[in-house]
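Here the structure comes first, spelled out in structure tokens, and everything after it is commentary.
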Amino acid sequence: MLEKALTGDSKYWGWIGFLLLLIAVGFGAYLRQFNEGLTLTGLSRDVSWGFYIAQLTYLVGVAASGVMLVMPYYLHDHKAFGKITILGEFMAVGAITMCLLFVLVDLGQPMRMMNMIIFPTPNSVLFWDMVVLNTYMFLNIIIGWTVLQNERKGIHYQKWVKVLIYLSIPFAVSIHTVTAFLYAGLPGRHFWLTAIMAPRFLAGAFCAGPAILLLIVFFLRRFTSFDAGDKAIKSLAVIITYAMILNVFFLLLELFTAFYSQLPGHMHAFVYLFAGLHGGHALVPVMWASVILAVIVLILLIPPKFRNNYNLLIPALIMLVLSTWLEKGVALVVAGFIPNPLEHVNEYAPTLNELVISVGVYAVGALIVTVLYKIAIGVKAEVGDAAH
Amino acid sequence: MYDSGKIITGLVIFVALFASPFILNVGGGAPAVPQPSLDTPAIKSMGNPVCVRENMQANHMQVLDLWRDSVVRDSNHTAPGIDGQLYEMSLSNTCMECHSNKAEFCDRCHTYAAVDPFCWDCHIEPPKEG
Amino acid sequence: MKSDRRHFLKAAGVATIGVAAGATAAEANLLDSAKELLLGPKGAAPYPEAKKGARWAMVVDTRKLTAESMEKMIHACNHAHNIPLHPLRKKGDKYNKDEIKWIWEEEFENAFPGQMNEHLPPKVTQNEVLVLCNQCENPACVRVCPTKATFQREDGIVIMDFHRCIGCRFCMAACPYGSRSFNFKDPRIASLEINPEFPTRMKGVVEKCNFCAEQLDKGLQPHCVEACKNGELVFGDMNDPESEIRKVLRNNYTIRRKPEVGTQPQVYYIV
């Protein structure tokens, strides 16, 4: 099937070439960081995780969201998702690759990465995160590839694939739960120390991931022969709406607990995010932008009349992705470090080199997703399942 | 054969690249394997050797690895030398006290074998002689 | 034909596992014999001067701290452990992002957030206090480390194995006291008067106060304790009822930093 990725028009090759260029530039920036150290980032003694780990957190959600297609399709026989489930699985592969790369570029001693396997340490959440992320990635590669191959041959997938599909459902939940545990189990970080961190992550993931997927679906419908069908689009939009409502609801719960209890540690980070603290305001516009976008998104998504109007749905999805990214891909990780354990406010902003490396990693993910989608759509076209 | 021109050109390039180290070194002969130098004042003035147990040249990586874990993780800092006395297991403070010629004792072979251990990124080198 | 291939693959798989298991066993044997060979029949041992069965802890008597004495103690530590003094990363930075510190001064309200009562005696709040790694009995940093690069010794000291640290900085997120520093750049490029007896670090690893394990193992006191003249720091063995630290703890009311997080700090403060 791989040969399908090797034929394409000039636009396809132009896009591939563009991504390769970004990857090369990102890799160059990484070599600089590799030689000089993480001093080239905006990270500091006080804010020791930043943009890289925030992207990891966001993309784990994108990867986990594949389950929002897999579960309705394979467990509830929701046939409308038949054509796009493969897209969810392949998006997960690209997203997890990016997650692993973001961990790699964040390491101070990447050459010693294998120490995590040489000295396995089950009491570390990071160890389990590595285990579940890798397992989930392989599950999605195997499932997606096998199901597609069988579709091409015109046969039903094998029983063992079904077993893997069932297995992939708890694993999707686990990757985001374990990633939430990275934060939610740390005694000195009040902002993260919340039992609803995992549900919050999952809710955010289950709206943002499918929203990205749906945007891709609209793109494919416009520019390729692949049409997911209105029914699939509309069901997915409903899932996104519910998940977004939960996402906002969970944030409000956090605000209630912090401000009604008046516990200083719990309030500080929120005060820092929404109003600024001790002269630190860097994330205030980010957080308010996220909140305002979220409100607009809910207004556009909840009434079926708006949601079913694609001219409103598409901008709503774009705003949703932006809103959740600002909250989880920027604010959430950084705000956990501010104020620091000694109540000093020292802020963080990513550097250019850091952003170039991040763009490089995103380009790797985009390249993987492009190639896999090219194959999937090629196969669907071949067996006549592309057009609606 | 289809595309024989392309395939044969490709094969020639591949073989040429793959064999280039051999071709470039034809007639040069293999360089002699360097031996670590034991020529330091401390070693010369020593009667019997104290530390060498068995073929250190072949085993020092394992030795240093064991010593490292023993010292850092188990707080066991000393081990008996072959003279029966206790010695501190310390690269900078014991080994290099006598083997003060790092360039001839360590680097020469490491360069030859193209290995780049990171000992000296952290441990302090003995001061240069002379 | 097909079944032959399948059998062949199965046999090859079993053979591979067998060889791998054999190699692992052989290596384990080799390691055992190497251990005897390299560490002698008696094996490796601690220094004879090391105190056995100790549980180390420290009392900081903030009443006795002066700016001068604190500077002496901090300098003793910085020098003994080759702690680099990095310049500001960028001109105009509000704080030193590359900073490495093991023991340093903090305002009372920063060292003890939430314990800043109104109208405290000025001598409590005016002086800065010394903070360092608390050498917690229940350390969060050890719990989260994915490689056991940071671990707890039998004598309670929480220490780093710099050879093993991958620089993930999970421990820095986990530490409730901000006691850990990361080598954002090579420490050797900083101005540094090197103590040849102690290694520097390399870029990309985390470091922190080690309670001067290298001193304790030789039966000596930590460098900061050696540097103080008026009993500002009392260091000793909590398991020894006759030790000075136990006496000091018996005779004075002490507080610890953030007791509510359950880490059981082993650095006590008299205020």
Side-chain angles (χ1 to χ4, degrees), chain A residues 34-49 53 103 106-121 123-130 182-183 185-189 192-193 264-265 268 279-280 333 336-337 339-348 351, chain C residues 86 89-90 93-101 106-107 109-114 131 138 140 142-149 151 161-186 189 202-206 257-258 260-263:
Chain A
F34 185 83
N35 286 326
E36 290 182 43
L38 286 156
T39 187
L40 292 186
T41 66
L43 297 169
S44 63
R45 194 180 186 281
D46 284 341
V47 184
S48 47
W49 282 342
I53 295 296
V103 174
D106 187 69
L107 289 183
Q109 282 290 334
M111 304 297 276
R112 297 183 189 161
M113 182 179 53
M114 283 300 158
N115 279 5
M116 286 182 64
I117 293 162
I118 301 172
F119 309 108
T121 310
N123 52 280
S124 172
V125 181
L126 203 54
F127 170 77
W128 290 109
D129 212 31
M130 175 194 70
L182 287 178
Y183 304 104
L186 306 179
R189 308 280 176 187
W192 296 335
L193 192 73
H268 280 157
V333 172
F337 291 101
N340 82 355
L342 295 136
E343 306 219 328
H344 296 295
V345 172
N346 287 321
E347 296 196 88
Y348 159 84
T351 59
Chain C
H86 290 298
R89 204 181 279 176
K90 262 199 326 239
D93 268 353
K94 284 189 194 127
Y95 69 110
N96 190 339
K97 295 183 175 179
D98 292 322
E99 190 174 23
I100 310 275
K101 43 190 181 183
E106 283 286 345
E107 299 286 342
E109 59 175 322
N110 296 111
F112 298 96
V131 293
N138 180 19
V142 171
R143 193 155 60 235
V144 301
C145 178
T147 62
K148 303 184 191 81
F151 62 98
D161 183 345
F162 301 116
H163 308 96
R164 194 180 278 193
C165 175
I166 60 172
C168 70
R169 308 190 296 293
F170 202 0
C171 54
M172 294 178 79
C175 176
Y177 306 101
S179 292
R180 292 177 159 264
S181 311
F182 180 70
N183 287 279
F184 284 97
K185 56 168 92 159
D186 186 349
I189 60 178
M202 64 202 297
K203 73 168 188 289
V205 298
V206 173
R257 293 174 63 200
K258 298 191 185 173
E260 72 276 11
V261 295
T263 49

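Residue numbers begin at 1 in each chain, while the letters A, B, ... track the order of the sequences. As the structure is a computational prediction, the values presented were derived from the model and not from experiment.
- For chain C, no part of A/I118 is nearby; none of its heavy atoms comes within less than 4.5 Å.
- Residues satisfying the salt bridge (Lys or Arg N to Asp or Glu O under 4.0 Å) criterion with C/E99, sequence neighbours excluded, are C/K101.
- When the candidates C/A173, C/G262, C/S181 are compared by the number of heavy-atom contacts under 4.5 Å with chain A, C/A173 comes out ahead.
- Between chain C and the residues A/P110, A/G37, A/S48, the largest count of heavy-atom pairs under 4.5 Å involves A/S48.
- Rounding to the nearest 0.5 Å places OG1 of A/T39 at 11.0 Å from CG of C/D186.
- No other option in A/I117, A/N346, A/I53 has as many heavy-atom pairs under 4.5 Å with chain C as A/N346.
- Using a 4.5 Å cut-off between heavy atoms, C/C168 touches chain A through backbone and side chain atoms alike.
- With respect to chain C, the highest number of heavy-atom pairs below 4.5 Å among A/D46, A/L40, A/L43, A/V125 belongs to A/L43.
- Separation of atoms CZ (C/F170) and OH (A/Y183) is listed at 9.0 Å; rounding is to 0.5 Å.
- The main-chain N or O of C/T147 is never found under 3.5 Å from a side-chain atom of A/N115 such that the two would form a donor-acceptor pair.
- Going from atom CD of C/E107 over to atom NE2 of A/H344 covers 8.0 Å, rounded to the nearest 0.5 Å.
- If you measure heavy-atom distances from C/V142 to chain A, the contacts under 4.5 Å come from the backbone alone.
- Of the listed residues (C/E260, C/R89, C/H86), the one with the most heavy-atom contacts under 4.5 Å to chain A is C/R89.
- Using a 4.5 Å cut-off between heavy atoms, C/K258 contacts chain A through its side chain alone, with no backbone atom that close.
- For A/R45, the parts sitting under 4.5 Å from any heavy atom of chain C are the backbone and the side chain alike.
- A donor-acceptor contact shorter than 3.5 Å links the side chain of C/K203 to the backbone of A/N35.
- A cation-pi arrangement is found for C/R164 relative to A/F119, the charged atom lying closer than 6.0 Å to the ring centre and inside a 45° cone about the ring normal.
- Interatomic distance, OH of C/Y95 versus CD of A/E347, reported as 8.5 Å (0.5 Å rounding).
- Residue contact with chain C, scored on non-hydrogen atoms closer than 4.5 Å, involves the backbone of A/P120 exclusively.
- In plain terms, the two heavy atoms of A/Q109 and C/V205 that are nearest each other are CG-CG1, 3.9 Å.
- Looking at heavy atoms from C-beta onward, A/M113 lies out of side-chain contact with C/I166 at the 4.5 angstrom threshold.
- Closest approach of A/L126 and C/P146 over heavy atoms only: CD2-CG, 3.7 Å.
- Looking only at heavy-atom pairs under 4.5 Å with chain C, the residue among A/L107, A/T41, A/N340 that has the most is A/L107.
- Here the side chain of A/R112 pairs a donor or acceptor atom with the backbone of C/C165 at under 3.5 angstrom.
- Counting heavy-atom pairs closer than 4.5 Å to chain C, the top-ranked of the candidates A/G336, A/G265, A/G188, A/S124 is A/S124.
- With a threshold of 4.5 angstrom between heavy atoms, A/W128 does not approach chain C through any atom at all.
- Heavy atoms of A/E36 lying under 4.5 Å from chain C belong exclusively to its backbone.
- With chain A as partner, the option from C/E109, C/M202, C/E106, C/K185 having the largest number of non-hydrogen pairs under 4.5 angstrom is C/E106.
- Sorted by first and then second residue, the pairs that involve residues 165-184 of chain C and meet salt bridge (charged side-chain N to carboxylate O under 4.0 Å, His left out), not counting sequence neighbours, are A/D106-C/R169.
- Interface summary for chain A: among C/N183, C/D98, C/I100, C/T263, the most heavy-atom pairs under 4.5 angstrom belong to C/D98.
- Of the possible polar contacts, none joining the A/S44 side chain to the C/K97 backbone as a donor-acceptor pair under 3.5 Å is found.
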